Amino acid sequence: MESWNSSIHFCQWHGVTCGRKHQRVTKLELQSLKLSGSLSPHIGNMSFLRVLNLLNNSFYNQIPQSIGGLRRLETLYLTNNSISGEIPSNLSSCSKLTIARMAGNRLTGEIPAFLGFLSNLKVLSFYNNSLRGSIPPSLGNLSSLEELALTYNALDGIIPETLGRLTNLSIFLAAENAISGTLPVAMFNLSNIRFFDIGENKIQCTLYTDLAITMPYVEFFSVRGNKISGQIPISITNASNLHVLQFNDNRLSGKVPSLEKLDKLSTLQLAVNGLGHGREGDLNFLCTLVNNTKLEFLIISDNNFGGVFPKCVSNISNTLLRLEIDENKIMGRIPDGIGNLVNLEVLFASENQMFGPIPFEIGRLQKLNKFFAHINFLSGTIPHSIGNLSALTIVGLDFNNLQGNIPPSIGKCQSLLELTVSYNNLSGPIPPQLLGVSSMSIILDLSSNHLTGELPVAVENLKNLGQLYVSQNRLSGLLPKTLGSCVSLEKLYLDGNLFEGPIPSSLSSLRGLEALDVSNNNLSGEIPEFLVRFGALRYLNLSFNNFEGVIPSGGIFKNASATFVEGNSKLCGGIPELHMLRCNLKTSSSNSLRLKVAIIVVTLGVTLAFTCLLILWIGKKKEKQATATSVENSVLQLSYQSIVRATDGFSTQNLVGSGSFGSVYKGVLQASGAV
């Protein structure tokens, strides 16, 4: 706006256009300039103004009544501001007005009936405001009207029959309101319509297969989110320019007609109806789409479609981004040719009756972002080709009959946020590669399988994970200390396994836990005191283990309806509502003291006895030595004469004669020096 100064004539200011003859302002085009403030009432003095364009700014407050002074005004753009209040009644004086765009503001009140008398109006756009009341029937007088956009308001009442007279209408948008009643049949014969959207209202009517819909140029047709019953009219399939066809979220039933002529169709939404008969042939219409080269969204979920999933789906255009067939009665296998849909980002096939293996060819869908096939009868192993799907964020395969090991290749899916494979027949250890996917932040559910081995220490990589379920398996060993690294955990379910040992103290870092279940294991030791300090904890199940000691009485343990400790025979105490045995602390202390005294007494007794035995042994040894010395000394003191006297003159020769005794005695005498 730097040009807006007195040194330059205002006709040369940015955004200002003047007439050649009178040098009066005829156009004021100030779109997308980040302007703000109220609209000045002096704007009504610009009597030569034909174009007022203020879109994409930040103007607020009401449109001044003085705008009625702009008798030459033809184009009014106020889109995407913050203008409030009602549509000014003086706007009725702008008889030459052809375009009135006021979308994306905060307008209130009703759509004034006088707008129906501005006979030059071609565009009337009020979408995304807070307008209420009914669509005035007078709008049916605007024979030149080409666009009527009323989406995202609070309009109620009915669609007036008079709108069926707007033969030049090419855009009719009235979605996201509270419009009720029936849809005038004449609306289906607006032959110049290109965009027709009455979705997300409360419209009730019945469609018939032979209903004539004459909209040869229609590109966008949506009646989604209403209460429309009956069948899809065959005539809609003659609209060869259709890009978007939305019948979803209604009460339609019966057969879907051939869509062969809709070769420009990019979006087909039929979900949440009662279409199909639950038998073979219901899905034949899918095969009529194989010549379509533009289809991106094929959504037929939550209907009554039955029969085998047709192989022709593999031949649908590789432009397909979303394929949603869940919540039907579809049988058969996921065709191997699914790998041809190389641009597929979403595949929903859950809650059907599909069986057989997940095809190995699914590994070709390298753009696949979400894959849901839960609640089916799928069998076989999870193909290791799943590791090729580097874009995967969510996988749901629970409630099937899948077998074998979890493929380690799934560790290559480094964008994975959620994996659920519960209620299958998977076996073997949990691959550490899976726990190495640090992007996992929503849920990892491996429960109700036959997994064995320990919980890998690699669980420490799941620092962003919110929920971990490994319940009802055959996991064993100690709980890894690294489990304490999962600091984002809110739900941790380890129940129904063979874990043993204490709850690691490292789990004290899981301060955000809301639910912890370690029941039905072989865990032991005392209940960790840190559980008392977990303020977010709302469910704690420690039952049927080997815990011992006193049950804490603070924190979660004050809530008997949220704490479960039964089946631990060595636990005592806690609040009365837990119905556990009381702890006799005095007896326990006395018994403890007695035990300590007994140990000391026994130790001292054993030491004393050993000392006494040692002293006796030493004493006996000395006594024997003393006796031997005494005998030796006595022998050495005997003389030959004493011996002769003592033997009464017995001959020494006789004594030392032949015989062993004699030889010995002679040796003794010689040794003593007596001989």
Side-chain angles (χ1 to χ4, degrees), residues 416-420 422 430 434-435 437-448 451 454-473 475 477-568 571 574-575 577-578:
L416 204 58
L417 303 175
E418 176 180 332
L419 173 66
T420 57
S422 62
I430 299 174
L434 171 61
L435 303 185
V437 182
S438 58
S439 61
M440 199 97 67
S441 59
I442 300 176
I443 179 174
L444 174 59
D445 189 353
L446 310 178
S447 61
S448 298
L451 300 174
E454 297 183 347
L455 183 60
V457 295
V459 73
E460 65 183 343
N461 295 303
L462 304 179
K463 293 180 174 62
N464 301 309
L465 187 64
Q467 301 178 34
L468 175 61
Y469 299 86
V470 294
S471 312
Q472 307 302 322
N473 279 287
L475 300 172
L478 300 174
L479 294 178
K481 295 179 181 179
T482 55
L483 192 57
S485 298
C486 303
V487 292
S488 299
L489 275 179
E490 296 177 354
K491 292 181 173 62
L492 176 59
Y493 284 75
L494 307 169
D495 52 293
N497 282 288
L498 303 171
F499 291 121
E500 57 189 33
I503 295 177
S505 59
S506 61
L507 266 62
S508 61
S509 60
L510 308 184
R511 298 182 182 89
L513 269 185
E514 298 174 2
L516 173 62
D517 192 340
V518 296
S519 61
N520 292 286
N521 279 286
N522 297 317
L523 297 172
S524 57
E526 296 185 349
I527 296 175
E529 189 65 27
F530 61 75
L531 293 175
V532 175
R533 300 189 295 273
F534 282 6
L537 200 58
R538 297 292 179 268
Y539 172 76
L540 176 63
N541 195 340
L542 306 175
S543 57
F544 299 101
N545 279 285
N546 298 314
F547 291 116
E548 59 185 48
V550 180
I551 300 172
S553 56
I556 184 71
F557 296 95
K558 292 189 292 186
N559 187 350
S561 64
T563 305
F564 303 89
V565 292
E566 66 269 23
N568 290 279
L571 284 178
I575 60 175
E577 291 83 356
L578 293 177

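For this chain, numbers begin at 1 and follow the sequence in order. Note that this is a predicted model, so its numbers are computed, not measured.
Under the 30°/60° scheme for interplanar angles, the aromatic rings of Tyr493 and Tyr469 are found to lie parallel.
Using a 4.5 Å cut-off on side-chain heavy atoms (C-beta onward), Leu462 and Leu444 make contact. With a 4.5 Å cut-off on side-chain heavy atoms, Leu516 and Leu531 count as touching. Side-chain contact between Glu500 and Leu523 is absent, with no heavy-atom pair separated by less than 4.5 Å. Put simply, the side chain of Val518 does not reach to within 4.5 Å of the side chain of Phe499, judged on heavy atoms. With contacts defined as side-chain heavy-atom distances shorter than 4.5 Å, the pair Phe557/Val532 qualifies. A heavy-atom distance below 4.5 Å is not found between the side chains of Asn497 and Leu451. Residues Ile430 and Asn473 are not in side-chain contact: their nearest non-hydrogen atoms beyond the backbone lie 4.5 Å or more apart. Inter-residue side-chain proximity for Leu492 and Leu483 is flagged as met; some heavy-atom pair is nearer than 4.5 Å.
Within the 3.5 Å criterion, the main-chain N or O of Ile556 finds a donor-acceptor partner in the side chain of Thr563. Ser509 places a side-chain N or O within 3.5 Å of a backbone atom of Gly484 that can act as its donor or acceptor partner. Formation of a donor-acceptor pair under 3.5 Å by the Ser488 side chain with backbone atoms of Leu465 is not found in this model. When atom types are taken as modelled, the side chain of Ser485 and the backbone of Glu460 share no donor-acceptor pair closer than 3.5 angstrom. A donor-acceptor contact shorter than 3.5 Å is absent between the side chain of Asn521 and the backbone of Asn545.
Nearest heavy-atom pair, Pro504 versus Pro480, reported as atom, atom and distance to 0.1 Å: CG-O, 4.1 Å. Looking at every heavy atom in both residues, Asn559 comes nearest to Ser561 through OD1-OG, 2.6 Å. Contact detail for Ser439 and Leu416: the closest heavy-atom pair is OG-O, 2.7 Å. In terms of heavy-atom proximity, Ala536 sits nearest to Gly512 at CB-O, 4.0 Å. Here the shortest heavy-atom pairing between Asn568 and Phe544 reads ND2-N, 3.6 Å. Heavy atoms only, all atoms of each residue included: Val459 and Leu468 are closest at CG2-CD2, 4.2 Å.
Distance check, rounded to the nearest 0.5 Å: CD of Glu566 to OG of Ser543 gives 4.5 Å. The line from CG of Asn461 to OG1 of Thr482 is 8.5 Å long, rounded to the nearest 0.5 Å. Taking CG from Leu571 and CD1 from Ile551, the interatomic distance works out to 5.0 Å, rounded to the nearest 0.5 Å. For the atom pair OG1 of Thr420 and CG of Asp445, the computed distance is 6.5 Å after rounding to the nearest 0.5 Å. Taking CD1 of Ile443 as the reference point, atom NZ of Lys491 lies at 9.0 Å (rounded to 0.5 Å). The line from CD of Glu514 to CD of Glu490 is 4.5 Å long, rounded to the nearest 0.5 Å.
By the ring pair (Phe, Tyr, Trp, His ring centres under 6.0 Å) test, Phe534 pairs with Phe530, sequence neighbours left out. In this structure Glu526 satisfies the salt bridge (charged side-chain N to carboxylate O under 4.0 Å, His left out) test with no other residue, sequence neighbours excluded.
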- Hey, mind stepping through Phe547 and Ile503 against side-chain contact (heavy atoms from CB on, under 4.5 Å) and telling me if it holds? CA-CA 10 Å; Phe547 291 116; Ile503 295 177; 3.8 Å; yes

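Residues Ser471 and Asp495 have side chains that bring a donor and an acceptor to within less than 3.5 angstrom of each other.
Around NZ of Lys463, the count of heavy atoms belonging to other residues, nucleotides or ligands within 6.0 Å exceeds 12.
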